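Below: the structure, in structure tokens.
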Number of protein chains: 2
Amino acid sequence: MVASDELLSIRAAELYYEEDKTQDEIGQVLRLTRWKVGRLLAQAKANGFIRIEIVHPRARRLPIERRLRDELGLRDAIVVSSAGVHGEDELQSRTAQAAADYLTSLRPVPRALGISWGRTLFEVSQHLRDGWAAGVNVVQINGGVSLNKRAGTAATTAVSIAHKGGGSATLLPSPAILERLETKEAIENDRAVSAVLELAASASAYLFSAGAADDNSVHIDSGYLTADDVQELVRKGAVGDVVGRYIDADGNIVDPGLDARTIGLGLDRLRASPTSIAVISGSAKHAVAAAVVRSHLCSVLITDEETALSLLDEPSPHRTADPLHPAQHSLKDTP
Amino acid sequence: MVASDELLSIRAAELYYEEDKTQDEIGQVLRLTRWKVGRLLAQAKANGFIRIEIVHPRARRLPIERRLRDELGLRDAIVVSSAGVHGEDELQSRTAQAAADYLTSLRPVPRALGISWGRTLFEVSQHLRDGWAAGVNVVQINGGVSLNKRAGTAATTAVSIAHKGGGSATLLPSPAILERLETKEAIENDRAVSAVLELAASASAYLFSAGAADDNSVHIDSGYLTADDVQELVRKGAVGDVVGRYIDADGNIVDPGLDARTIGLGLDRLRASPTSIAVISGSAKHAVAAAVVRSHLCSVLITDEETALSLLDEPSPHRTADPLHPAQHSLKDTP
DNA sequence: CGCGTCATTGCTCATATGAGCAGGGAGGTC
DNA sequence: GACCTCCCTGCTCATATGAGCAATGACGCG
């Protein structure tokens with residue numbers, strides 16, 4: 001396209017989109033036929049000069065969802081828009097809302113739903129509406145009841161999801177990680193625990209999130225691991241954890257010793273399920289999200305726009321520099 | 001509007017704007033008549049959920065231009081879009097380009113054009129194309145030749161605008177501010193200077209910028225004022241300078257003593273001209289811009305979107321916090 | 001200079017969309 | 001319970017837009 005046409009197409013776009021003029025009227029103003037105007041507008045669109053955003057907390061990005069499905073082999077994908085977002089908290093909240101919506105509309109309605117716990121899942125439970133299902137049984141798929149500081153968050157999450165869905169919750173009465181392998185095996189063999197694990201393994205759908213391998217890890221908060229432990233895991237290649245198990249970028253267990261002391265459903269069970277839903281949002285979790293998706297830990301991904309684009313190796317349009325806090329006056333001198 | 005309809009309108013908008021479906025197709029997907037879909041889309045637009053931006057360096061914001069004309073009594077206004085801008089430098093460059101475009105299309109073509117000087121005007125001169133006019137005479141309207149560090153910028157600006165317009169430039173051979181009133185009056189009475197000032201007063205159009213009253217002032221760079229002088233002016237109410245004269249928020253001269261020692265066209269001459277074009281951009285200049293416009297120093301304003309919105313007391317849509325690079329505070333710099 | 005090639009232009013016609021109007025139902029009032 | 005009002009729905013019809021096609025003209029090549 002010639003430069004003069006490019007400029008014309010911008011003028012036409014201004015009149016069309018900002019002034020609500022018809023192509024015919026624009027033609028009169030710019031002294032063009034209305035067909036030429038139509039073509040200029042088409043060019044402006046094709047060149048990406050026209051950006052249309054849906055600014056709403058519930059807005060999704062369907063084209064990105066399609067690409068996630070097609071290019072990454074996901075069964076389904078939900079991507080919430082980041083347009084007009086006011087901070088990572090809101091992004092998280094939008095994603096949780098979308099997860100709640102997805103659960104609600106999930107067909108067939110799962111008889112038994114296995115869930116992990118954490119801030120994200122808790123938020124999902126909050127966003128669910130009463131009566132979102134008629135009788136779902138919710139099973140925890142990984143341990144972690146007692147040591148958690150905000151005691152009961154894990155239990156509350158499961159109970160709340162079950163209650164609102166007209167069913168009951170089955171909690172996994174065990175810590176997330178044991179110090180000694182023997183203890184872990186002993187607990188695992190206890191009927192109270194093994195029964196829950198069996199139930200978890202038979203769930204028809206799973207809903208879980210993932211944690212980044214950094215200082216904010218809920219495992220550090222809960223006292224199961226120290227910051228140094230996590231650092232060491234990172235050194236070994238960990239990008240984050242899924243249902244308590246630390247994985248590297250390829251989705252492999254990073255530290256088999258640690259993993260053997262971790263109570264909960266094995267990752268392969270998630271991989272085998274036709275409906276394993278991962279809810280992951282936030283810039284800190286791009287790496288885990290990639291690992292989860294590439295190693296097929298989830299068949300359905302619910303995430304935010306930036307995370308989705310990072311999975312597709314695309315730069316985010318919302319990362320533009322802030323024009324009001326400028327770089328320094330660089331005075332170019334006369335040639 | 002009911003909440004359920006709001007959500008529906010978002011779903012419809014996604015299908016319409018992102019998936020390019022027709023309203024009829026959307027109706028089939030959402031089980032609505034195509035008229036309902038049309039109304040939902042209209043609602044989404046009316047509620048401001050649909051944001052359409054023209055992302056291009058030459059894009060303008062016509063609705064804002066109209067509001068500037070109507071609400072602030074400007075004869076004309078040009079507002080360049082800030083969409084997708086990469087820093088204040090680019091904003092400045094876009095504005096300068098728009099000023100060059102405006103000059104080029106200005107009718108009647110000015111016989112004599114009075115101009116100030118500075119970074120902005122220099123950039124305007126760079127953006128002008130050869131042959132933008134057929135014989136304009138350019139007159140400097142304020143002094144400042146000798147002391148300027150980047151010697152010749154002022155002269156280069158005038159000469160370049162004149163040359164590209166097929167005419168010649170008349171420079172004002174004097175400093176901007178004199179230390180003693182007597183010296184100023186003596187210079188002013190010198191034929192070489194007074195002749196230029198008369199010519200300047202008779203120009204048919206003016207083009208000027210404005211400086212913020214801060215450490216980046218070109219007067220400090222040039223050595224006419226110290227940083228302390230400027231600070232003192234600010235204490236007295238100065239918001240910036242126009243053609244070398246410091247004004248307060250109401251457009252009044254802040255320091256008559258200083259003003260009397262300043263050489264150049266009086267501000268009332270600008271106010272009296274039917275074509276006095278101010279080119280002002282950048283967040284630092286919001287206050288001066290407001291003073292210039294409110295005191296009718298210009299009949300035409302060329303500026304950026306943020307500045308224009310600040311004049312209209314509107315928050316800028318581009319000021320949203322970047323969720324990925326949170327709250328980085330502006331570091332004030334000193335030369 | 002003549003000719004072929006290809007992009008561009010202005011058109012016809014089919015389709016998508018918006019304005020305006022009549023019918024119907026929800027909810028309020030007596 | 002009857003009636004009335006108002007809003008919403010689904011329609012008809014006018015208008016705006018996009019697809020496809022023939023005519024035009026610019027350009028390069030022999």
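From a predicted model like this one, the values you see are computed outputs, not experimental measurements. Chain identifiers are assigned alphabetically (A, B, ...) following the order of the sequence lines, protein sequences preceding nucleic acid strands; residue numbering begins at 1 within each chain.
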Q | Exam field: side chain A:Asp304 to backbone A:Val80, donor-acceptor pair closer than 3.5 Å | A | no
**Q.** B:Lys36 vs A:Gly38, nearer the 5' end of DNA chain D by closest nucleotide
**A.** B:Lys36
**Q.** Lys/Arg N to Asp/Glu carboxylate O, B:Glu90 vs B:Arg94, below 4.0 Å
**A.** yes
Q) What is the distance from CG of A:Leu41 to P of D:dT17, rounded to the nearest Å? A) 9 Å
Q. Would B:Arg60 and B:Val79 satisfy side chain to side chain contact (heavy atoms under 4.5 Å, CB included), going step by step from the backbone distance to the final call?
A. CA-CA 5 Å; B:Arg60 283 163 47 189; B:Val79 176; 5.9 Å; no
Q. Does OP1 or OP2 of D:dT15 have a side-chain N or O of A:Gln23 closer than 4.0 Å?
A. no
(Q) By nearest atom, which of the nucleotides D:dG10, D:dT17, C:dC11 is closest to the B:Trp35 side chain? (A) D:dG10
Q: Please confirm whether the backbone N or O of A:Tyr102 pairs with a side-chain atom of A:Ser105, one donor and one acceptor, at under 3.5 Å?
A: yes
Q.
Can you tell me if B:Thr22 touches the phosphate of C:dT15, counting only side-chain N or O atoms and a distance under 4.0 Å to OP1 or OP2?
A. no
Q) Starting at CG of A:Leu15 and ending at P of D:dT17, how long is that distance when rounded to a whole Å? A) 12 Å
**Q.** Value in whole Å for how far the C1' atom of C:dT15 lies from CG of B:Asp20
**A.** 15 Å
Q: Let me know the distance between CG of A:Leu32 and C1' of C:dT8, rounded to the nearest Å.
A: 13 Å
Q: Give the nucleotide from the list C:dC11, D:dC11, D:dC13 with an atom nearest to the side chain of A:Arg39.
A: C:dC11
Q: Mind calculating the distance between CD (B:Glu25) and C1' (C:dT17) to the nearest angstrom?
A: 14 Å
Q: Please report, rounded to the nearest Å, how far the P atom of D:dT17 is from the NZ atom of A:Lys21.
A: 13 Å
Q) Is B:Glu6 salt-bridged to A:Arg58, going by a charged N under 4.0 Å from an acidic O? A) no
Q: Return no unless some side-chain N or O of B:Tyr16 is found under 4.0 Å from OP1 or OP2 of C:dA16.
A: no
(Q) Please report the distance, rounded to the nearest Å, between CG in B:Asp24 and P in D:dG10. (A) 13 Å
Q: For A:Arg34 and D:dG18, give me the distance from atom CZ to atom P, rounded to whole Å.
A: 10 Å
